[in-house]
Colleague: 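Dropping the structure in here first, questions after.
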Amino acid sequence: MRIVRTRLLEMMPELSVFLDVEDLKDISDLEGYIERSETVLVMCTKGYFQSRNCIRELRCAVRLGKPLLAMLDLDSDTRSLSVEEVRAELLQMQTRLVAWGLDGDGGPSGTECFDALFAREPIEWNRIGVFQDITMRLSAERVLPEGHAPTCIAGEITQAPVQLPPPPA
């Protein structure tokens with residue numbers, strides 16, 4: 001997630017990006033951090049959906065109607081989850097909420113969290129430079145206001161002219 005933060009700030013230096021593992025000063029104000037956020041990016045890993053605090057963040061974001069950006073890292077190790085694996089994790093959420101003592105707060109269910117998280121197409125994280133540029137452009141577009149001008153990253157592969165082979169003889 002640090003690289004996503006770094007790349008977003010390179011692209012939009014005026015952006016304020018909160019990264020819980022670096023910027024969280026008071027865990028008791030976790031929901032306050034979400035309230036002060038415009039958009040919440042969720043890297044869909046097994047660890048995320050098994051973390052009490054991450055689930056607190058997600059449920060708060062859903063309860064407040066915050067825009068969510070689901071990011072999938074399908075080329076990573078076994079920590080990464082597909083959309084269907086995220087669904088399964090969120091369906092198991094109620095059991096975890098009981099164990100964590102968070103089940104009686106009237107917050108959103110696992111199904112509601114899933115629906116909110118995937119209300120928009122997820123973005124696939126890519127480690128390969130030229131493809132990572134596309135991931136970052138798509139991510140940046142999600143935090144820009146509706147109706148913004150088209151965006152591109154200098155040198156992005158989608159902006160390069162396409163060389164077609166000559167037609168067959």
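Worth knowing before you read on, the calculation uses all heavy atoms, side chains too, and leaves out hydrogens, waters and symmetry mates.
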Colleague: Specify the closest pair of heavy atoms between Glu112 and Val62, including all atoms of both residues, with the distance to one decimal.
Modeller: O-CG1, 4.2 Å
Colleague: Checking Ile3 now: which residues fulfil side-chain contact (heavy atoms from CB on, under 4.5 Å) with it, not counting sequence neighbours?
Modeller: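 In terms of side-chain contact (heavy atoms from CB on, under 4.5 Å), with neighbours along the sequence ignored, Ile3 is linked to Arg7, Trp125, Gln132.
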Colleague: Do Leu19 and Arg2 touch side chain to side chain, with heavy atoms closer than 4.5 Å?
Modeller: yes
Colleague: Checking side-chain polar atoms at under 3.5 Å, does Thr95 have a donor or acceptor matched by the opposite partner on Gln92?
Modeller: no
Colleague: Please identify each residue that fulfils salt bridge (Lys or Arg N to Asp or Glu O under 4.0 Å) with Asp29, with sequence neighbours left out.
Modeller: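 Asp29 satisfies salt bridge (Lys or Arg N to Asp or Glu O under 4.0 Å) with Arg36 only.
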Colleague: If the condition is side-chain contact (heavy atoms from CB on, under 4.5 Å), which residues does Arg87 pass it with, not counting sequence neighbours?
Modeller: Glu84, Leu91, Phe114
Colleague: Partners of Thr6 by side-chain hydrogen bond (donor to acceptor under 3.5 Å, both in side chains), sequence neighbours excluded?
Modeller: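 Result, side-chain hydrogen bond (donor to acceptor under 3.5 Å, both in side chains) vs Thr6: none returned.
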Colleague: Mind checking salt bridge (Lys or Arg N to Asp or Glu O under 4.0 Å) for Glu57 and listing every partner two or more places apart, or none if nothing turns up?
Modeller: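 Glu57 satisfies salt bridge (Lys or Arg N to Asp or Glu O under 4.0 Å) with no other residue.
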Colleague: Would you indicate whether the side-chain heavy atoms of Leu68 and Thr39 approach each other to under 4.5 Å?
Modeller: no
Colleague: Looking at Lys46 and Glu89, is any side-chain nitrogen of the basic one under 4.0 Å from a carboxylate oxygen of the acidic one?
Modeller: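 So Glu89 pairs with Lys46 through a salt bridge.
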Colleague: Just to verify, what does Tyr48 make a ring pair (Phe, Tyr, Trp, His ring centres under 6.0 Å) with, not counting sequence neighbours?
Modeller: none
Colleague: Given 3.5 Å as the limit, does a donor-acceptor pair link the side chain of Ser80 with the main chain of Thr45, or not?
Modeller: no
Colleague: I want to check something: taking the side chain as every heavy atom from C-beta on, are Pro67 and Val40 in contact at a cut-off of under 4.5 Å?
Modeller: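 Contact flag for Pro67/Val40 side chains = no.
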Colleague: With sequence neighbours excluded, tell me which residues meet side-chain contact (heavy atoms from CB on, under 4.5 Å) with Arg120.
Modeller: Arg142
Colleague: Could you report the tightest heavy-atom contact between Leu9 and Leu15, atom names first, then the distance?
Modeller: CD2-O, 3.1 Å
Colleague: What are the two closest non-hydrogen atoms of Cys113 and Arg59, and how far apart are they?
Modeller: SG-CG, 3.9 Å
Colleague: Grab the two heavy atoms, one from Cys44 and one from Phe118, that are nearest each other, plus how far apart they are.
Modeller: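 Of all heavy-atom pairs spanning Cys44 and Phe118, the closest is SG-CZ, 4.2 Å.
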Colleague: Has Lys66 got a side-chain atom pairing as donor or acceptor with Glu38's backbone, closer than 3.5 angstrom?
Modeller: no
Colleague: Given side chains that start at C-beta, do those of Leu90 and Thr111 come closer than 4.5 Å, heavy atoms only?
Modeller: no
Colleague: Got Leu97 and Ile55 here, is their nearest side-chain heavy-atom distance under 4.5 Å?
Modeller: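 Sidechains of Ile55 and Leu97: in contact.
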Colleague: So Arg127 and Asp73, do their side chains get closer than 4.5 Å, heavy atoms only?
Modeller: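 Heavy-atom side-chain distance check passes, below 4.5 Å.
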Colleague: Not counting sequence neighbours, list each pair that qualifies as a ring-ring contact (aromatic ring centres under 6.0 Å, His included) and has a residue in residues 91-110.
Modeller: none
Colleague: Please report the interatomic distance CD1(Ile134) to CG(Asn126), rounded to the nearest 0.5 Å.
Modeller: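 If I round to the nearest 0.5 Å, the distance is 8.0 Å.
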Colleague: Apply side-chain hydrogen bond (donor to acceptor under 3.5 Å, both in side chains) to Ser82 and list each qualifying residue two or more places apart in sequence or on a separate chain.
Modeller: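 In terms of side-chain hydrogen bond (donor to acceptor under 3.5 Å, both in side chains), with neighbours along the sequence ignored, Ser82 is linked to Glu85.
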Colleague: Closest heavy-atom contact between Ser139 and Met71?
Modeller: OG-CE, 3.2 Å
Colleague: Run the salt bridge (Lys or Arg N to Asp or Glu O under 4.0 Å) test against Asp103 and tell me which residues pass, sequence neighbours left out.
Modeller: none
Colleague: Working note: Leu64 + Glu31, criterion side chain to side chain contact (heavy atoms under 4.5 Å, CB included); need CA distance, chi angles, decisive distance, verdict.
Modeller: CA-CA 10 Å; Leu64 296 172; Glu31 286 79 2; over 6 Å; no
Colleague: Side-chain contact, heavy-atom cut-off 4.5 Å: Ile123 with Thr135?
Modeller: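 They are in contact (side-chain heavy atoms under 4.5 Å apart), so the answer is yes.
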Colleague: side-chain hydrogen bond (donor to acceptor under 3.5 Å, both in side chains) with Ser28: which residues, sequence neighbours excluded?
Modeller: Asp26
Colleague: Test of understanding: with side-chain contact (heavy atoms from CB on, under 4.5 Å), list the residues that count as partners of Asn53, not counting sequence neighbours.
Modeller: Ile27, Leu30, Ser51, Arg56
Colleague: Quick check: closest heavy atoms across Gly107 and Arg63, and the distance to 0.1 Å?
Modeller: CA-NH1, 3.4 Å
